[in-house]
Structures are given as structure tokens and as C-alpha cells.
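Structure first, commentary second.
Nothing fancy with the numbering, it's 1 onward along the sequence. What you see below is based on every heavy atom in this structure, not just the backbone, and it leaves out hydrogens, waters and symmetry mates.
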Amino acid sequence: ALTMWGIAGEFSEILRWSQTVVDLADGDPAMGAGFGFGSPLAAALAWRGAARWWLGRPRWRQDHHDAVAMARNSDPTTLACVVAWTYGLEIQFGVLRADDAAVRVSEEAVQAAGSSTWVALGLAECTLGAALLSRDAAADRDRGLELMVQFGEVVRERAPFMVPVAELFVARERAGRGDRDAAIAVMRQAVD
């Protein structure tokens with residue numbers, strides 16, 4: 001539900017419901033686990049942090065720090081999702097720069113997800129790809145483009161609603177490399 005509210009831009013609802021999860025968990029990272037997440041509390045903290053920065057509220061950085069620390073002690077899916085909802089969203093929306101720490105955490109999520117599900121691995125690779133595409137070094141951007149193209153191929157059959165996300169990242173990068181006409185066509189198609 002938190003992800004769907006994020007897509008809909010309902011950050012007040014995210015703040016309200018993530019706080020409810022935090023309160024119900026009462027500090028127990030595994031409370032409510034068993035539906036695909038090893039730590040619902042880590043997920044709630046990640047989303048509460050996202051809602052806080054979106055709404056201009058304090059303490060979002062602490063939420064994100066706590067969420068990532070908790071996710072590291074959980075399962076690969078939790079880590080991949082939490083990193084996507086913290087560093088991934090922050091970088092995509094310009095809240096944080098894709099610095100070395102962000103790339104390291106994203107790499108860690110990819111490594112952890114490597115032996116996990118396609119969802120965890122795909123989300124981790126998308127997050128790392130987005131971070132690398134936001135950096136200045138050509139080698140980082142090349143690797144980021146490769147990861148984003150790969151992510152687009154994976155989700156084409158399994159999660160087609162994510163295809164436009166991958167295509168927009170790829171198109172933006174290609175436009176930056178001078179292929180503006182092709183990028184505009186892809187962006188129009190993705191938005192439609």
C-alpha cells in the first residue's frame with residue numbers, strides 16, 4: 001500500500017500509515033514478517049523517511065539511516081527495497097547526490113540480492129543503475145546505462161508497469177549523449 005500511495009503522490013497517507021506500522025512493530029524488526037519482507041519495520045521507516053522529506057518534515061535522514069541498518073540485518077528483498085526507497089528515491093528526486101556512499105549501499109543491495117528473487121535483484125540493479133546514471137564519470141554512466149537496459153528487459157515480461165521507468169532513464173541518458181530525437185520518441189512512448 002505504501003508503494004501505491006507513493007506512485008499516487010499520497011505522501012500524507014504514507015506518513016500516517018508508516019507511522020502506524022512503526023508504532024505496531026514497537027521496535028521489533030521482524031514483527032509482521034512472512035509476506036515477502038523480513039523486516040516490515042525497515043520498510044515502514046524507509047517510507048516514513050520518504051514521506052518526511054517529500055513533505056519537508058525533519059528526521060527523514062535518521063529514518064533512512066535506521067531503515068538501511070535494519071535491512072542489512074534482514075533478508076535480500078528487504079535490503080533491495082529499502083535501498084530503493086531511500087537512496088533510490090532520494091537520488092531520482094534530487095534530494096541526495098549519488099555519492100560514493102550511495103553507490104556502495106546500492107552495490108551491497110545488488111550483491112545481497114544476487115542469490116535472491118528476480119524482484120529483489122531487479123530492484124537493486126535499477127537503484128544502482130539510477131545512481132550511476134546520476135554521476136559524472138563516463139564509466140559510471142556506461143555501467144548505469146547497461147544496468148538500466150538490463151532492468152528494462154527483465155521487467156518487460158515480469159512487471160511491464162516498470163518498463164517506462166527503465167525506458168525514461170535510458171532515454172534521458174541517450175539524450176545527454178546527443179541522441180535527442182530517439183530519446184524524445186522513447187520518452188513520448190513511455191509517457192503514453
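Test L132, L133, T127, V110 against L147 for side-chain contact (heavy atoms from CB on, under 4.5 Å) and you get one pass: L132.
Remark: side-chain polar atoms of R48 are not paired, donor with acceptor, to backbone N or O of S18 under 3.5 angstrom. A distance-only check finds no donor-acceptor pair linking the side chain of R143 to the backbone of G129 [under 3.5 Å]. A donor-acceptor pair under 3.5 Å is absent between the side-chain atoms of S116 and the main chain of A112, judged by distance alone. No side-chain donor-acceptor contact under 3.5 Å links S134 to the backbone of A98. In terms of modelled atom types and a separation under 3.5 Å, the side chain of H64 and the main chain of Y87 share no donor-acceptor contact. Looking only at distances, no side-chain donor or acceptor of R57 sits under 3.5 Å from a matching main-chain atom of A51.
With a 4.5 Å cut-off on side-chain heavy atoms, V95 and W60 count as touching. Using a 4.5 Å cut-off on side-chain heavy atoms (C-beta onward), V155 and P160 make no contact. V68 has its side chain within reach of R72: a pair of non-hydrogen atoms, C-beta onward, lies under 4.5 Å apart. In this structure, D66 and Q62 have side chains that are in contact, with non-hydrogen atoms separated by less than 4.5 Å. Under the 4.5 Å side-chain criterion, counting only non-hydrogen atoms from C-beta, W47 is in contact with L89. For the pair R61/W53, no side-chain contact is recorded, criterion being any heavy-atom separation below 4.5 Å from C-beta on.
Here the closest non-hydrogen pair linking A33 and G38 is CB-O, 3.5 Å. Nearest heavy atom pair, residue L41 against residue G27, reads CD2-C, 3.8 Å. Across every non-hydrogen atom of A42 and A71, the tightest pair is CB-N, 4.1 Å. Between A113 and P76 the shortest heavy-atom distance is CA-CB, 3.9 Å. Of all heavy-atom pairs spanning A131 and V103, the tightest one is CB-CG2, 4.4 Å. In this structure, A67 and A46 approach most closely via the heavy-atom pair CB-N, 3.6 Å.
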- Item | Worked verdict on R16 versus E13 for salt bridge (charged side-chain N to carboxylate O under 4.0 Å, His left out) | CA-CA 5 Å; R16 184 168 72 94; E13 286 297 306; 2.9 Å; yes
- Item | Trace of the salt bridge (charged side-chain N to carboxylate O under 4.0 Å, His left out) decision for R135 with D100 | CA-CA 10 Å; R135 291 173 61 97; D100 291 343; 2.8 Å; yes
- Message: Apply salt bridge (charged side-chain N to carboxylate O under 4.0 Å, His left out) to residues E173 and R180 and explain how you reach the verdict.
- Response: CA-CA 10 Å; E173 178 61 20; R180 290 179 182 85; over 6 Å; no
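Note: the hydrophobic cluster containing F93 also contains F11 (ILVMFWY, side chain heavy atoms under 4.5 Å, direct or indirect links). Under a hydrophobic-cluster definition in which Ile, Leu, Val, Met, Phe, Trp and Tyr are linked whenever side-chain heavy atoms come within less than 4.5 Å, directly or via other members, M162 and V170 are assigned to the same cluster. Under the 4.5 Å side-chain contact rule for hydrophobic residues, L145 and L128 do not share a cluster. Under the 4.5 Å side-chain contact rule for hydrophobic residues, F151 and V163 share a cluster.
Other residues, nucleotides and ligands contribute at most 12 non-hydrogen atoms within 6.0 Å of the CG atom of D181. For R97, the CZ atom is loosely surrounded, since the number of other residues' heavy atoms within 6.0 Å does not exceed 12. In R177, the CZ atom is crowded: over 12 heavy atoms of neighbouring residues, nucleotides or ligands sit closer than 6.0 Å.
Taking CD of Q92 as the start and CG of L168 as the end, the distance is 10.5 Å to the nearest 0.5 Å. Remark: L121 CG to T77 OG1 distance equals 10.0 Å, nearest 0.5 Å. One distance of note links CG of L123 with SG of C81; it measures 5.0 Å at 0.5 Å rounding. How far OG of S106 is from CD of E125: 11.5 Å, rounded to the nearest 0.5 Å.
Side-chain atoms of T78 and D75 form a donor-acceptor pair, as typed in the model, at a separation below 3.5 Å.
Between D179 and R174, none of the side-chain N atoms (NZ, or NE/NH1/NH2) sits under 4.0 Å from a carboxylate O, so this pair counts as no salt bridge. The pair E167-R156 meets the salt-bridge criterion, since a charged nitrogen lies less than 4.0 angstrom from a carboxylate oxygen.
Ring orientation note: the planes of W5 and W17 are close to parallel, at an angle under 30° on the 30°/60° scale.
Proximity of the aromatic rings of F37 and W85 is defined here by a centroid distance below 6.0 angstrom, and this criterion is met.
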